[in-house]
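A short worksheet on the structure shown next.
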Amino acid sequence: MSAATATTTSRRGRGGRERALAAAARLFATQGINATGMEQVAEEAPVSKRTLYSHFRTKNDLVLAHLQALASSGATLEGVLTREDIPPRERLLKLFDPPVTEPEESVPVRGCPFIDAAAEFPDPRSAVHSYAREQKLRMAELIAALLTELGCPEPAVLAEQLATLADGAACRAMALGEADYGRHARAAAEALLDLACADAST
């Protein structure tokens, strides 16, 4: 089979939607959403533009599907909160760990993809911004549930404080290009948890 035939077969083969989502994830991570065009996604996948648009009618549809795939994968800032193999307190502190990447990967620090998406789609009425907001609200709810499990008083208030620390650390990590910036926020989170746990035991 010639190289041209192989490329054509790949473009027309099954898994076009998955390849397009994988390509979009790579491009969005390295250059941002607004800087990435549909034609570039099709070329990177590779799929024909006709196939790409058959799965995603608009770029907004592609971005929304990308965020939904990220949320379901567990590979986001919030993903660690649902890991039942880790104790509740450690799950909370893992919000501040550097992102896990492959040794050969060389991508810029992007921070939280939901905050990135909300920033690139600032209209709160847009589907992308609305979905990003839902995920950030869900993050606070997951944190509050773990705090309740730990017996912390006023879990909703402390959850917002920890979520603010985690999101703020992710934003500064992106701006400074410092993947392990979360260590600063982790120290503050530990102090808040220690204080809350001390109050709970009295």
Side-chain angles (χ1 to χ4, degrees), residues 7 10-11 13-82 94-140 142 163 166-182 185:
T7 299
S10 176
R11 285 177 180 273
R14 296 181 179 180
R17 185 179 190 277
E18 290 72 22
R19 293 201 307 277
L21 282 173
R26 290 192 298 271
L27 293 168
F28 293 161
T30 55
Q31 61 189 34
I33 296 172
N34 288 334
T36 300
M38 292 291 274
E39 186 170 337
Q40 190 178 11
V41 172
E43 185 66 27
E44 175 80 6
V47 295
S48 67
K49 286 191 286 185
R50 179 177 179 179
T51 295
L52 180 62
Y53 281 105
S54 71
H55 291 295
F56 310 103
R57 189 171 53 86
T58 66
K59 182 179 174 183
N60 283 14
D61 291 339
L62 174 62
V63 175
L64 188 58
H66 161 68
L67 294 178
Q68 291 169 340
L70 277 178
S72 63
S73 73
T76 62
L77 186 65
E78 300 84 352
V80 70
L81 297 173
T82 59
K94 277 188 170 296
L95 285 171
F96 308 98
D97 284 355
V100 177
T101 58
E102 296 297 327
E104 67 274 9
E105 282 187 321
S106 178
V107 296
V109 178
R110 292 296 298 171
C112 172
F114 302 119
I115 291 179
D116 292 348
E120 295 206 49
F121 290 78
D123 184 350
R125 297 168 297 180
S126 74
V128 172
H129 191 105
S130 295
Y131 186 78
R133 180 177 181 273
E134 288 174 9
Q135 292 306 305
K136 301 319 294 182
L137 290 173
R138 177 175 177 268
M139 175 183 175
L142 290 171
D167 285 337
C171 289
R172 286 188 64 81
M174 177 183 64
L176 300 176
E178 190 176 337
D180 65 342
Y181 186 86

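A quick note: this is a predicted structure, and the numbers were derived from the prediction, not measured.
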So do [Y] and [X] actually touch side chain to side chain, heavy atoms under 4.5 Å?
X: Met139; Y: Asp167; result: yes
X: Pro46; Y: Arg19; result: yes
X: Val63; Y: Phe121; result: yes
X: Glu78; Y: Phe114; result: yes
X: Lys59; Y: Ile33; result: yes
X: Phe56; Y: Arg17; result: yes
X: Asn60; Y: Ser126; result: no
X: Asp116; Y: Met174; result: yes

What's the shortest heavy-atom distance between [X] and [Y], and which atoms?
X: Pro124; Y: Ser130; result: O-OG, 3.2 Å
X: Ala117; Y: Val128; result: CB-CG1, 4.0 Å
X: Val41; Y: Ala20; result: CG1-O, 3.7 Å
X: Ala169; Y: Gly182; result: CB-CA, 4.1 Å
X: Ala71; Y: Gln135; result: CB-OE1, 3.7 Å
X: Arg110; Y: Gly32; result: NH2-CA, 3.5 Å

Rounded to the nearest 0.5 Å, how far apart are [atom1] of [X] and [atom2] of [Y]?
X: Lys94; Y: Leu81; atom1: NZ; atom2: CG; answer: 12.0 Å
X: Leu21; Y: Leu70; atom1: CG; atom2: CG; answer: 9.5 Å
X: His55; Y: Arg50; atom1: NE2; atom2: CZ; answer: 11.5 Å
X: Leu142; Y: Leu137; atom1: CG; atom2: CG; answer: 11.0 Å
X: Lys49; Y: Met38; atom1: NZ; atom2: CE; answer: 10.5 Å
X: Asn34; Y: Phe28; atom1: CG; atom2: CZ; answer: 9.0 Å

**Asked** Is it true that a side-chain atom of Ser54 and a backbone atom of Thr51 form a donor plus acceptor pair closer than 3.5 Å?
**Response** yes
**Asked** Hey, is Arg26 close enough to Glu44 for a salt bridge, meaning N to O under 4.0 Å?
**Response** yes
